[in-house]
Amino acid sequence: MSGAPELEAAVPTPGAADRAPQVREMFDTLAPRYDLGNRVLSLGLDQPWRRKAMAALGDTAQGDVLDLCAGTLDLTQALLAFGPRSITAVDFAQKMLDAGRSKIPDDAPVTLVCADARTLPLEDDSVDAIICGFGLRNVPEVGKALDECARVLRPGGRLVVLEFFQPTTWLSRLLQSTYNRIIMPMVGGLVTGFREAYAYLAGSIEAFETRPDFEALVAARGFTVEGRDLFPPVASIVSGTRT
Ligand SMILES: C[S@@+](CC[C@H](N)C(=O)[O-])C[C@H]1O[C@@H](n2cnc3c(N)ncnc32)[C@H](O)[C@@H]1O
């Protein structure tokens, strides 16, 4: 079976403590084909999931918003409809940000910043809302990124994480193992020409925290936390208010 011309780059080992450089190289390589892969692989479900995540920001979406691990700026673009005062879109793969730049009108209050989620170049107490879509499971030392979220959020600010957590129920395990191990690498490979990236992305779900364990990490940083699974029960939202 032939598909898109092949892409090649170093691919990280899911869960490896030192994987950040390979994660960045992989996303920089995937960048021009990332959106297409997303739409095909999520069967269009990613857009309703993103809408639910943005709704969980409540009124804070009208303040200063950080789109963390912003990638090709789908959330940044959609957040503009909420009338935010500003959006800072942070990602450490410059080519992902570059691939999304054309989605953002020139006069929108958006700043693109190439930086690591574990060392945010933002002032303490400088944002009202943080949203992170499918980013944190790629970040080694995820606790450091959460420390940074707590540092830059104003008291009363909201953190919303949309993510694929390690499945815990039999149904989510069944859905995820079939989908992740077989369909994602095969279809992702055909559509983008970078099968290894989708094998990594699938493996990174099993190597990530469960939702309850992740909620505990967030709560330990001074957030009141709630979490819920979306439909179908593969993606989840964890949201918290900084006390
Ligand atoms: C699966 S993509 C998600 C992009 C986007 N948020 C979305 O919803 O489509 C994950 C993104 O996280 C970024 N990322 C991974 N580790 C990071 C880190 N340590 N610091 C900043 N960005 C990171 C990657 O470069 C990539 O663009």
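In each ligand, atom 1 is the first atom listed, and ligand 1 is the first ligand listed. Since we're looking at a predicted model, the values are computed, not measured.
Residues passing the ring-ring contact (aromatic ring centres under 6.0 Å, His included) test with Y198: none are found, sequence neighbours excluded.
The side-chain heavy atoms of T72 and R101, taken from C-beta on, include no pair separated by under 4.5 Å. No side-chain heavy atom of I87 sits under 4.5 Å from any side-chain heavy atom of T111.
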Put together the list of close N/O pairs, under 3.5 Å, between ligand 1 and the protein, could you?
{"from": "ligand 1", "atom 1": "6 (N)", "to": "C69", "atom 2": "O", "distance (Å)": "2.7"}
{"from": "ligand 1", "atom 1": "6 (N)", "to": "G133", "atom 2": "O", "distance (Å)": "2.8"}
{"from": "ligand 1", "atom 1": "8 (O)", "to": "R50", "atom 2": "NH1", "distance (Å)": "2.5"}
{"from": "ligand 1", "atom 1": "8 (O)", "to": "G133", "atom 2": "O", "distance (Å)": "3.3"}
{"from": "ligand 1", "atom 1": "9 (O)", "to": "Y34", "atom 2": "OH", "distance (Å)": "2.9"}
{"from": "ligand 1", "atom 1": "9 (O)", "to": "R50", "atom 2": "NH1", "distance (Å)": "3.4"}
{"from": "ligand 1", "atom 1": "9 (O)", "to": "R50", "atom 2": "NH2", "distance (Å)": "3.3"}
{"from": "ligand 1", "atom 1": "19 (N)", "to": "D116", "atom 2": "OD1", "distance (Å)": "3.1"}
{"from": "ligand 1", "atom 1": "20 (N)", "to": "A117", "atom 2": "N", "distance (Å)": "2.8"}
{"from": "ligand 1", "atom 1": "22 (N)", "to": "F92", "atom 2": "N", "distance (Å)": "3.2"}
{"from": "ligand 1", "atom 1": "25 (O)", "to": "D91", "atom 2": "OD1", "distance (Å)": "2.6"}
{"from": "ligand 1", "atom 1": "27 (O)", "to": "D91", "atom 2": "OD1", "distance (Å)": "3.3"}
{"from": "ligand 1", "atom 1": "27 (O)", "to": "D91", "atom 2": "OD2", "distance (Å)": "2.6"}

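Remark: E6 CD is loosely packed, at most 12 non-hydrogen atoms of other residues, nucleotides or ligands lying under 6.0 Å away.
Cation-pi geometry between R24 and F92 is met: the NZ or CZ atom falls under 6.0 Å from the ring centre, inside 45° of the normal.
Note on R154 versus D124: no salt bridge recorded, every NZ/NE/NH1/NH2 to OD/OE distance being 4.0 Å or above.
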